[in-house]
Number of protein chains: 4
Amino acid sequence: MVAAAIETIAEEGYPRASFSRIARRAGLSSTGLISYHFAGKADLMSEVTQDILGRFAEHVLAQSDDGSPAGELRTFIRANLEFMSAHRLDMLALARIQAHQPIAGQAEVDGEPPVTVVAQDQRRLAEVLRRGQDTGQFRPFDPQVVAGFILALRNHVIEQSADPAADMTAIGTELESTVSAMITITGER
Amino acid sequence: MVAAAIETIAEEGYPRASFSRIARRAGLSSTGLISYHFAGKADLMSEVTQDILGRFAEHVLAQSDDGSPAGELRTFIRANLEFMSAHRLDMLALARIQAHQPIAGQAEVDGEPPVTVVAQDQRRLAEVLRRGQDTGQFRPFDPQVVAGFILALRNHVIEQSADPAADMTAIGTELESTVSAMITITGER
Amino acid sequence: MVAAAIETIAEEGYPRASFSRIARRAGLSSTGLISYHFAGKADLMSEVTQDILGRFAEHVLAQSDDGSPAGELRTFIRANLEFMSAHRLDMLALARIQAHQPIAGQAEVDGEPPVTVVAQDQRRLAEVLRRGQDTGQFRPFDPQVVAGFILALRNHVIEQSADPAADMTAIGTELESTVSAMITITGER
Amino acid sequence: MVAAAIETIAEEGYPRASFSRIARRAGLSSTGLISYHFAGKADLMSEVTQDILGRFAEHVLAQSDDGSPAGELRTFIRANLEFMSAHRLDMLALARIQAHQPIAGQAEVDGEPPVTVVAQDQRRLAEVLRRGQDTGQFRPFDPQVVAGFILALRNHVIEQSADPAADMTAIGTELESTVSAMITITGER
DNA sequence: AATGAATGAGTGTTCATTCAT
DNA sequence: AATGAATGAACACTCATTCAT
């Protein structure tokens, strides 16, 4: 059911991912079961997010890295790219769910805000960047802001992967070198 | 009416920008009038896009630039940032309309695809980048891909501007230096 | 304006003959004028009916006939067929308006019922048929009922004329001989 | 639901047979369920047509007929009349659906045209007529055209049955003798 | 676990009509 | 006479959700 939701979002787009379309793809003949298992659409999306994120975390944890900020960053990017190529639909669905999350603080009165993966990622990434600045490897910049930039680029690359014609290895390589150029100290400037 | 649409998209998000919500914001008592003036939702969005783009183009044309690729790029970024701070809602609406444009080749049977501003922007930007590489100012990279990256960053910054708490001048400054670092030749690496 | 209504009904069908479509065809840029000149849609249709009927009556009156019931009937059929071929759109529009008239006694509380041309025609035709029976030329039948039949056939022929591929002269000839066979005394039976 | 549609069409007319009115008559509180069960309005109408036609076919098959063209024709007319008196609303609805089917080639882009029962009926009837001519029982005429005439008369009779004041047995009898007179060889002329 | 009927709110769109200009 | 903005009701249709089975 979660899998069907992922497929639907990735292949038909978030706005078209209605319960009926998801049910049809899941081989169900009624949307009733989805409503029975999940508290609502937001809950289903949250579950989908958790599911993808869980598998993503596993993959990232399996990566070795030399512990240096530059290494960690490279590992992060590479893990993203690898997972992306292995689980294109998952990443695409994830990115789209995030992109369509209702604007913060709006229509959210009823309790906990939706899972914002980006915020977590961004905090962790910013921490790595800050360490890289402390060791003098990285040029001076606002770690929070640049972390946001890097994630924006990653999401852009994910979105590109929706187009089957896109040369993902080329784009991936470019992402690596671009991020590297973005943060390392340049000769001139 | 176009103005009401912009406000609605910027403040409530694209998916919530239904004709009824736009009509309410425009002081109309019925959605009928919107359908009367515009051929459909796509047409309204196209009109909104043209409206914002027209004013944006005016602003950009008023910018001076020294003709060098680096100068043109800086001008492009600055014009974006300036217009963004002066017309936050417009830029936000514009970015969201583009982001929610249906995926190419999907449900597009009816003929001409929707106005994709991004594609145009990207082509022009790529051209500037290529010229910068020819003159040896920019490091080697795929101009098309990196142009996409730069626009993704710009859109990310626009999206940030939806949050009233965001320090836009800081983010803007960071955008300029980051883009500069992304493309210029670095000493090491 | 009446002319535009006729064209619209004949070429696009009654259900599509909205004020806006009629206005467009009339070269008007607003439906307002139609509502200004006519008390409502029913009134416009009534006016259209009267217009066509007036011209139709003129044409029929110009026909000579020998005064015998059979002659009058033949004249009626011929006049219909001639007018039909000369004013295809008019006849088509007329038939369609009649066909789409709301069912008698329904939603008509507000006063006079719509002009039912058929009822008038039928009464006059029945009278001719009765006279033919009195003179022994026609076989015995219920004049009212058979008058209805003849008009139904005429309307069917009109409706056929909407199809440009239909061979109207053949159908017209067939109509004449069929009606003749319907009412005259047969040898056997 | 199909039954409610039939009632609505028969009692209020085709143009007034909107989903809401049908739903109201079916005891539903929303039109949603109709859209849930049928792919669209055309589908509902097609379903209604099939439903009535199925029951009609049953009735006709139960009729005995001597195999001669004249016998087949008489059987066809009688079966129509009988079924009509037993299922007045059904026949009325059926006739109206057919009458309001959009004109061929108009707004039909989407592929298969709507179920045109009339066309089938007409072809079968024309075949019977042609056989009658071959055996010398029927007078010479264009079978296709006259088949159209006979169906027009039948539909006219059906339409008459909408008026509760109409004397259907009288009209039915008249229909039989009229059709008989229409096609059989007359002494004079 | 799974179905399918049912609901009510909401979507964009069309329509006849009104009215100030 | 003619326009164009504005209205409110109606239209077919989609959606998430509920509920009895």
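Labels below follow one simple rule: chain letters A, B, ... track the order of the sequence lines, proteins then strands, and each chain is numbered from 1.
Regarding D:Arg16, its CZ atom lies at a distance of 17 Å from the P atom of F:dA9, rounded to whole Å. The CZ-P distance, from A:Phe19 to F:dT17, rounds to 5 Å in whole Å. Summarising the geometry, the separation between CG on A:Leu44 and P on F:dC15 is reported as 15 Å, rounded to the nearest angstrom. In this structure, C:Ile34 places its CD1 atom 10 Å from P of E:dT17, rounding to the nearest Å. One interatomic measurement links the two molecules: CZ of B:Arg24 to P of E:dG10, which rounds to 8 Å at whole-angstrom precision. At whole-Å resolution of the value, OH in C:Tyr36 and C1' in E:dT21 are 13 Å apart. As a whole-Å value, the separation of B:Ile22 CD1 from E:dT13 C1' is 14 Å. Separating the CD atom of D:Glu12 from the P atom of F:dC11 is a distance of 10 Å, rounded to the nearest angstrom.
Across D:Ile158 and D:Ala95, no two heavy atoms sit closer than the pair CG2-CB, 3.8 Å. The two atoms that bring B:Ala162 and B:Arg96 nearest to each other are CB-NH2, 3.6 Å, heavy atoms only. The nearest pair of heavy atoms linking B:Ala5 to B:Val48 is CB-CG2, 3.9 Å.
Both D:Gly32 and C:Gly32 sit near DNA chain F, but only C:Gly32 has its closest nucleotide nearer the 5' end. Looking at which nucleotide of DNA chain F each of B:Gly27 and D:Ala39 is closest to, the 5′-most match is held by B:Gly27. Residues C:Leu33 and B:Phe38 both approach DNA chain E. Their nearest nucleotides, taken by heavy-atom distance, put B:Phe38 toward the 5′ side.
Here A:Ser35 lies in heavy-atom contact (under 4.0 Å) with a base. When heavy atoms are screened at a 4.0 angstrom cut-off, B:Leu28 is found touching the sugar-phosphate backbone but no base atom.
Considering only side-chain N and O atoms, B:Arg21 lies under 4.0 angstrom from the phosphate OP1 or OP2 of E:dT11. For C:Ser29, a side-chain nitrogen or oxygen approaches OP1 or OP2 of F:dG4 to under 4.0 Å.
Using a 30° and 60° split on the angle between ring planes, C:His100 and D:His100 fall in the perpendicular class, above 60°.
Judged by distance alone with a 3.5 Å cut-off, a donor-acceptor contact links the side chain of D:Thr31 to the base of F:dC13. With hydrogens and angles left out, the side chain of B:Ser30 and the base of F:dG8 share a donor-acceptor pair within 3.5 Å.
Out of F:dT17, F:dA5, E:dG12, the shortest distance to the side chain of B:Lys41 is found at E:dG12. For A:Ser20, the listed nucleotide lying nearest its side chain is F:dC15; candidates were F:dC11, F:dC15, E:dA5. In this structure, the nucleotide among E:dT7, E:dA16, E:dA5 sitting nearest to the side chain of C:Ser18 is E:dA16.
C:Ser46 places no side-chain N or O within donor-acceptor distance of the main-chain N or O of C:Ala42, the cut-off being under 3.5 Å.
Summarising the base pairing, E:dG4 is matched to F:dC19 through a Watson-Crick or G-U wobble pair whose two defining distances lie under 3.5 Å.
Screening A:Arg25, A:Arg24, A:Arg16 for a side-chain hydrogen bond (donor to acceptor under 3.5 Å, both in side chains) involving A:Thr8 leaves a single residue, A:Arg25.
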